[in-house]
Amino acid sequence: MAVLKVAGAAPFLRRRRPQESRISMIIAIDGPAASGKGTLGKRLAAHYGYRHLDTGVIYRAVAKALLDQGANLTDEARAVAAAEALDPDSFSDPALKSQTVGEAASVVSALPRVRAALVAFQRQFAATLPGAVLDGRDIGTVICPDADVKIFVVADAGVRAHRRTQEALARGEAADEAQVLADILKRDERDKNRAAAPLKAADDAHLLDNSHLDIESGVRAAIDIVEAVRAGRQSRP
Ligand SMILES: Nc1ncnc2c1ncn2[C@@H]1O[C@H](COP(=O)(O)OP(=O)(O)O)[C@@H](O)[C@H]1O
Ligand SMILES: Nc1ccn([C@@H]2O[C@H](COP(=O)(O)OP(=O)(O)O)[C@@H](O)[C@H]2O)c(=O)n1
């Protein structure tokens with residue numbers, strides 16, 4: 001039985017529109033591994049008083065379930081069963097952050113039926129009032145093609161590998177930067193080249209290059225994008 005429910009979420013069609021009392025937006029953030037999507041998503045959500053969903057954690061949770069079962073990562077039926085049985089309470093499990101689980105997530109996430117099983121949960125989250133920020137690979141293209149603001153975050157692969165390595169070391173995990181770089185590049189290639197919902201920028205996404213920005217500057221740049229889009233909307237006749 002599926003337990004993948006969003007606590008307190010309003011039905012998708014009841015989403016309030018921006019002209020109502022409090023500004024309601026869906027902000028979609030996509031980009032490659034370790035580009036800073038989650039950091040920006042969390043900070044934008046805090047800024048606007050919205051909820052944030054790191055959708056990568058969902059695919060990581062499916063992958064970890066298969067790894068725990070000793071199942072083959074390309075066993076689509078088992079992966080779908082794991083997706084349908086996901087418990088959002090498990091999304092905070094620190095074990096989901098490992099490189100091994102990330103690599104496995106990139107394999108299971110290429111399975112079309114796994115992605116299909118997770119669409120409703122993500123869209124229901126996106127409908128959360130007063131607004132929601134989702135980050136992932138296909139938020140602006142597939143999950144929320146009508147998102148109010150779409151940001152595609154990039155950063156040089158070497159910078160991403162360095163930041164991810166520092167993050168692992170800070171958690172007390174062993175991490176070799178060259179290996180992290182190789183893992184990130186392999187995962188990006190798989191994510192970009194899969195047939196189902198590949199990693200790519202939506203045509204109407206705003207590019208944010210995080211390579212030479214510290215976290216505060218990146219957050220400022222993301223808020224500037226959101227505000228520019230909103231100002232453009234409000235000035236339309
Ligand atoms: N602009 C930045 N400057 C320095 N470090 C950053 C920046 N953005 C993110 N980080 C760090 O880089 C790592 C990856 O960021 P994260 O937000 O987890 O990326 P993603 O969600 O895209 O995988 C984290 O350790 C985060 O703290
Ligand atoms: N919306 C999403 C989010 C993640 N994923 C997959 O899940 C993997 C892990 O995603 P993640 O966002 O946690 O990865 P990082 O960018 O944090 O390293 C990615 O490499 C993708 O294969 C996806 O296919 N679609």
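Starting from 1, each residue takes its place in the sequence as its number. Whatever order the structure lists ligands and atoms in, that order sets their numbers, starting from 1. Every value quoted in this text rests on a predicted model; they were computed, and no experiment measured them.
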Quiz prompt | Ile29 and Val149, any side-chain heavy atoms less than 4.5 Å apart | solution =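 When only atoms from C-beta onward are counted, Ile29 and Val149 do not touch, as no gap falls below 4.5 Å.
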
Quiz item: Any side-chain heavy-atom pair from Glu189 and Lys186 closer than 4.5 angstrom?
Solution: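 Glu189 vs Lys186: side chains apart.
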
Practice problem: Work out whether the distance between some heavy atom of Gly31 and some atom of ligand 1 is less than 4.0 Å. | Solution: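 The answer is no: ligand 1 sits nowhere under 4.0 Å from a heavy atom of Gly31.
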
Quiz item: Can you find a non-hydrogen atom of Gly38 under 4.0 Å from ligand 1?
Solution: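 Gly38: in contact with ligand 1 (<4.0 Å).
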
Exercise. List the atom of Val142, the atom of Pro145, and the distance in Å for their closest heavy-atom pair.
Key: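 Closest approach of Val142 to Pro145: O-CD, 3.3 Å.
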
Could an N or O of ligand 1 be found under 3.5 Å from any N or O of [X], whether backbone or side chain?
| X | result |
| --- | --- |
| Leu213 | yes |
| Ala34 | yes |
| Asp135 | no |

Using a 4.0 Å cut-off to any heavy atom of [X], which atoms of ligand 1 qualify?
| X | answer |
| --- | --- |
| Asp214 | 1 (N), 2 (C), 3 (N) |
| Thr39 | 9 (C), 15 (O), 16 (P), 17 (O), 26 (C) |
| Glu167 | 13 (C), 14 (C), 24 (C), 25 (O) |

Quiz item: side-chain hydrogen bond (donor to acceptor under 3.5 Å, both in side chains): which pairs involve residues 27-43, sequence neighbours left out?
Solution: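 Counting only pairs at least two positions apart or across chains, the side-chain hydrogen bond (donor to acceptor under 3.5 Å, both in side chains) contacts touching residues 27-43 are Arg43-Glu216.
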
Practice problem: Taking atom types as modelled, find out whether Ser90 and Asp87 have a side-chain donor-acceptor pair closer than 3.5 angstrom. | Solution: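 No.
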
Exercise. Pick whichever of Arg164, Arg171, Arg163 has a heavy atom sitting closest to atom 4 (C) of ligand 1.
Key: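 Looking at heavy atoms only, Arg163 sits closest to atom 4 (C) of ligand 1.
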
Quiz item: Of all residues at least two apart in sequence or in a different chain, which pass the side-chain contact (heavy atoms from CB on, under 4.5 Å) check with Ala196?
Solution: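 Per chain and number, Ala196 pairs via side-chain contact (heavy atoms from CB on, under 4.5 Å) with Pro112, Arg115.
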
Quiz item: Which residues pass the side-chain contact (heavy atoms from CB on, under 4.5 Å) test with Asp54, sequence neighbours left out?
Solution: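 By the side-chain contact (heavy atoms from CB on, under 4.5 Å) rule, Asp54 matches His52, Val57, Asp135.
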
Quiz prompt | Backbone of Ile223 reached by a side-chain donor or acceptor of Arg220 within 3.5 Å | solution =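 Absent.
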
Self-check item: Sorted by chain and number, the residues that approach ligand 2 to under 4.0 Å with a heavy atom
Solution: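 Close residues (ligand 2, cut-off 4.0 Å): Ala33, Ala34, Lys37, Thr55, Gly56, Tyr59, Arg60, Ala105, Ser106, Ser109, Arg115, Gly136, Arg137, Asp138, Arg164, Arg187, Asp191, Arg194.
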
Self-check item: Tyr50 and its side chain to side chain contact (heavy atoms under 4.5 Å, CB included) partner, picked from Thr128, Ile23, Leu129
Solution: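 Between Tyr50 and the candidates, side chain to side chain contact (heavy atoms under 4.5 Å, CB included) is satisfied uniquely by Ile23.
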
